[in-house]
Amino acid sequence: MEKLIVTGGTSLRGTINVSGSKNASLPILAATLLTDEQCVIRRVPDVSDTNYMLQILSKLGAEVERASGNVIVAAKDVSHETPYDIVRKMRASVCMMGPLVARLGKADVSLPGGCVIGDRPIDLHLRALQELGAVIDVKGGDVVIRVPDGLKGAEINLRGKFGPTVLGTANLMMAATLADGLTIIEGAAAEPEVVDLADFLGKMGAKIQGAGTRRIEIEGVESLHGVEHTIIPDRIEAGTFLVAAAIAAEERMTVNRIQPSHLTAVIDTLKACGHAVEIEGQKAHVTRGAQPRGTKIRTGPFPEFPTDMQAQMTALFIVSEGISTVTDTIFPERFMHVPELQRMGARIERQGNMAIVEGPSELTGAPVMASDLRASATLVLAALRAKGETVINRLYHIDRGYEHIDEKLMGVGAQMVRARA
Ligand code: EPZ
């Protein structure tokens with residue numbers, strides 16, 4: 001196990017580059033199963049989640065090659081049985097179901113475990129596949145899917161009690177590309193990662209209209225062909241670095257290779273708190289406000305404030321003037337970062353799906369425990385500002401979704417070192 005030792009108090013400056021999106025890469029890598037031809041995918045971040053996905057594809061029988069940021073996959077002959085030992089490590093492997101069922105007419109995928117951000121059901125995924133004609137058995141922790149009479153297009157409402165499902169939309173869209181007839185998805189997720197997947201599938205020859213809206217139409221086709229594609233920038237990594245600048249950059253800091261239209265809710269929030277964010281093409285120049293203040297945020301489906309950014313913004317509120325509230329309507333339990341931030345001196349309390357922050361507080365370094373991916377990144381942000389040394393244990397949580405976060409932050413002046421725990 002590794003840990004990160006951060007010495008707080010240095011001011012960040014300069015330019016930090018954003019990698020390709022983890023959450024766009026995962027369903028797109030799964031989509032390579034929809035064809036027996038070669039797919040070349042650029043800017044796949046080198047993080048453990050994408051590496052797990054490549055291991056699964058390889059174990060299924062696909063030819064997989066990674067050359068720096070590019071990935072080449074050719075799924076000529078693949079099995080329908082996903083390897084439990086890898087799948088159980090990553091919930092996103094659930095998005096193998098759609099492509100396997102579409103390509104092979106069957107899939108055995110182990111049920112994703114729960115995780116620290118709360119219950120992670122897949123009922124919407126399974127119901128959608130059933131409406132396309134799949135017969136599903138859940139036994140011994142495995143989802144066993146068979147499609148005796150082939151997938152048939154249908155009109156499906158994907159909306160759940162917590163709103164649209166991102167990977168559920170991805171799974172259904174992928175399955176529908178090879179179904180017989182027209183599939184209409186109502187209540188679809190509109191996240192940029194869903195749009196990037198639709199672009200990828202379209203290049204493969206799929207017929208998809210409406211990606212990026214709540215209603216997506218997919219006309220099934222006979223087969224799909226190989227494709228070349230470049231993954232969109234990671235909007236959550238970018239947002240994390242924008243907040244890092246607002247927390248710890250005394251002068252201007254630039255976050256490069258972003259897609260500004262994917263970050264409006266985060267950028268608007270930073271401006272509402274008194275920070276300057278100037279967009280110049282793919283760059284965002286951030287200058288910390290003289291009197292930073294807190295505000296209220298409430299997460300929601302894109303383009304509302306992203307649940308994957310609420311913990312990071314909480315760290316900024318701690319060192320800002322006034323009372324702030326953070327409400328997560330998507331994952332009401334996603335507050336693992338709160339007790340760790342309290343250990344560092346944050347005045348923050350949790351009330352159900354809301355955290356209430358009173359600022360500004362002086363943060364002091366302490367040994368803390370990483371938990372989910374974004375809560376762990378939040379501890380790094382707090383540590384940048386804290387007086388003294390913070391030791392962040394269980395670093396593997398951060399490595400799941402942030403490509404070389406320590407090297408990137410050291411590149412703009414942060415003082416930290418990765419060590420064996
Ligand atoms: C994706 O997860 C992201 N992961 C998550 O990012 C992100 O937090 C989430 O979307 C919401 O934006 C990837 O893209 C790999 P959902 P996903 O299905 O698709 C409920 C990160 O930090 N739900 O959109 O699994 C669910 O419990 C990760 O990078 C059902 O009830 O999330 C949640 O409350 C964390 N039934 C809500 O819907 C279902 O069948 C949204 O979940 C599916 C979901």
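Just so it is clear, the structure is predicted and the values come from calculations on it, not from any experiment. For ligands, and for the atoms within them, numbers begin at 1 and follow the listed sequence.
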First-shell residues of ligand 1 [heavy atom, distance under 4.0 Å]: K22, N23, L26, R91, A92, I117, D119, R120, P121, I122, D123, L124, H125, F162, P164, T165, V166, L167, T307, D308, I330, F331, R334, L373, R374
Do the side-chain N and O atoms of R347 and S361 include a donor-acceptor pair separated by under 3.5 angstrom? yes
Return each pair, listed once, that meets salt bridge (Lys or Arg N to Asp or Glu O under 4.0 Å) where at least one residue sits in residues 52-71; pairs must be two or more places apart or across chains. K59-D85, E63-K76
Applying salt bridge (Lys or Arg N to Asp or Glu O under 4.0 Å), can you list everything that pairs with R127, at least two apart in sequence or on another chain? E131
With a 4.0 Å cut-off on N to O distance, would you call E237 and K22 a salt bridge? no
Can you tell whether the side chains of R298 and E304 come within less than 4.0 Å, N to carboxylate O? no
Validation: residues 24-35 side-chain donor-acceptor distances under 3.5 Å, sequence neighbours left out:
{"residue": "S25", "atom": "OG", "partner": "S21", "partner atom": "O", "Å": "2.6"}
{"residue": "T32", "atom": "OG1", "partner": "L29", "partner atom": "O", "Å": "2.6"}
{"residue": "T35", "atom": "OG1", "partner": "E37", "partner atom": "N", "Å": "3.0"}
{"residue": "T35", "atom": "OG1", "partner": "L224", "partner atom": "O", "Å": "2.9"}

